[in-house]
Amino acid sequence: MLFISSCKKETVSPIETIPSNLFPLKTGNVWFYSGYEIDTAGVKIPGTDFSSSTTIVGQIQFEGKNSFVVIDSLKYQRGTEVDTLLIYLEGNYLYAWIDLTNTVGIPGFEYRRWVPFIKASGNLNEPYTILNPDTTLIVNHQGQMIPLNLRVTITGNISTKEEVQTPAGKFVAYKFEATVTGSASFGGVVVSSFTSKNYIWLSPNIGPIKHETPATPGARGIRRELSGYRVS
């Protein structure tokens, strides 16, 4: 009895789950950001400030889905860059339309489809595959027709729950990580490869409050932090 009473019960930490509505989808929702470039230590590079906004402008039927149209606008001193993203929510994922055809720029390569972008339910720190094309093309290399193999893998993971300070205030947010790896090989010999990461912090019922692309030895990184929003 003495032995039994002296034993301590094991405590099991509860599994942290992903909350719903990390990206409120409604036409008219808009997020404003202040941004700047960062070095490899994550430190702001002076004189690189810019502003940006993300706006849900409407819905369209596209490739079998009733998707939301999201416009991402970045305003630099040199001009404005605009990207369009199509997304919809279904089941456990927020899906996005991906087109790598023009990004890769190799004749004969095509990759266009809906992919599971951000996990919308489940547990934290459970990585998943966003896309994984593995394609072999016959290309003309110095007058010879040689097989070129292209591999690109993007994995997603909502890894941690954090408190994040932004110009718009402090938020409880969930950190989404996208890891991109790829390679190109001729005749089984790898001639190029790359790895990169991108991060988005999302707050329940608010949406994306911070974006970051880390710097590499060859390119500066970018950080955007929420400065205001209108969400309903």
Distance under 6.0 Å and angle within 45° of ring axis: Lys44 vs Tyr36: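 Judged by the rule (NZ or CZ under 6.0 Å from the ring centre, within 45° of its axis), Lys44 counts as positioned above Tyr36.
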Does a side-chain heavy-atom distance below 4.5 Å link [X] with [Y]?
X      : Y      : result
Gln165 : Glu163 : no
Tyr95  : Leu89  : no
Leu124 : Lys161 : yes
Ile18  : Ser121 : no
Leu202 : Ile209 : no
Trp114 : Tyr88  : yes

Could you tabulate the donor-acceptor pairs under 3.5 Å formed by side-chain atoms of residues 61-70, not counting sequence neighbours?
residue	atom	partner	partner atom	Å
Lys65	NZ	Glu90	OE1	3.2
Ser67	OG	Ile60	O	3.3

Are [Y] and [X] connected into the same hydrophobic cluster when the rule is that any two of I, L, V, M, F, W, Y join if their side-chain heavy atoms are below 4.5 Å apart?
X      : Y      : answer
Ile38  : Tyr199 : no
Val82  : Ile98  : yes
Val231 : Phe176 : yes

Can you tell me how far apart [atom1] ([X]) and [atom2] ([Y]) are? Round to the nearest 0.5 Å.
X      : Y      : atom1 : atom2 : value
Arg113 : Asp99  : CZ    : CG    : 11.0 Å
Tyr174 : Ile118 : OH    : CD1   : 14.5 Å
Asn205 : Asn21  : CG    : CG    : 4.5 Å
Leu150 : Leu137 : CG    : CG    : 5.5 Å
Asp83  : Asp72  : CG    : CG    : 6.0 Å

Contact list for residues 115-134, test salt bridge (Lys or Arg N to Asp or Glu O under 4.0 Å), sequence neighbours left out: Lys119-Glu126, Asp134-Arg151
side-chain hydrogen bond (donor to acceptor under 3.5 Å, both in side chains) against [X], all qualifying residues, sequence neighbours excluded:
X      : answer
Ser52  : Arg224
Thr155 : none
Ser203 : none
Glu177 : Ser159

Please list every donor-acceptor pair under 3.5 Å in which a side-chain atom of residues 210-218 meets a protein atom from a residue at least two apart or in another chain.
residue	atom	partner	partner atom	Å
Glu212	OE1	Arg223	NE	2.8
Glu212	OE1	Arg223	NH2	3.3
Thr213	OG1	Asn198	OD1	2.6
Thr216	OG1	Gly218	N	3.3
Thr216	OG1	Ala219	N	3.1

Heavy-atom donor-acceptor pair, Thr129 side chain to Leu131 backbone, under 3.5 Å: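 No, the answer is negative, given that no donor and acceptor are paired below the 3.5 Å cut-off.
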Ser183 backbone acceptor or donor facing Ser193 side chain under 3.5 Å: no
Under 3.5 Å side-chain donor-acceptor pair for Asn149 and Thr136: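 Looking only at side-chain atoms, Thr136 and Asn149 do form a donor-acceptor pair, the distance falling under 3.5 Å.
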Side chains of Ser51 and Lys75, donor plus acceptor under 3.5 Å: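 Result is no, nothing qualifies.
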List the atom of [X], the atom of [Y], and the distance in Å for their closest heavy-atom pair.
X      : Y      : answer
Thr101 : Glu110 : OG1-CA, 3.4 Å
Ser34  : Pro167 : OG-CG, 3.6 Å
Ala96  : Phe117 : CB-CB, 3.8 Å

Derivation of the side chain to side chain contact (heavy atoms under 4.5 Å, CB included) call for Ile45 and Arg220: CA-CA 9 Å; Ile45 299 173; Arg220 294 176 172 181; 3.5 Å; yes
For Ile222, the rest of its hydrophobic cluster, which grows through side-chain links under 4.5 angstrom: Phe50, Leu74, Tyr76
Quiz: residues 22-33 side-chain donor-acceptor pairs under 3.5 angstrom, not counting sequence neighbours:
residue	atom	partner	partner atom	Å
Asn29	OD1	Ser232	N	3.0
Asn29	ND2	Pro24	O	3.2
Trp31	NE1	Ile206	O	2.6
Tyr33	OH	Pro208	O	2.6

By ring pair (Phe, Tyr, Trp, His ring centres under 6.0 Å) - contacts of Tyr93 (at least two apart):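 Checked Tyr93 against ring pair (Phe, Tyr, Trp, His ring centres under 6.0 Å); matches are Tyr128.
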With sequence neighbours excluded, residues passing ring pair (Phe, Tyr, Trp, His ring centres under 6.0 Å) with Phe194: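 Applying ring pair (Phe, Tyr, Trp, His ring centres under 6.0 Å) to Phe194 gives none.
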NZ/NE/NH1/NH2 to OD/OE distance under 4.0 Å, Arg78 and Glu81: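 Yes, this pair counts.
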Residues in salt bridge (charged side-chain N to carboxylate O under 4.0 Å, His left out) contact with Asp39, at least two apart in sequence or another chain: none
From CA spacing to verdict: side chain to side chain contact (heavy atoms under 4.5 Å, CB included), Trp97, Ile87: CA-CA 7 Å; Trp97 178 256; Ile87 59 177; over 6 Å; no
Pair Thr166-Ser227, side chain to side chain contact (heavy atoms under 4.5 Å, CB included): steps then yes or no: CA-CA 7 Å; Thr166 73; Ser227 58; over 6 Å; no
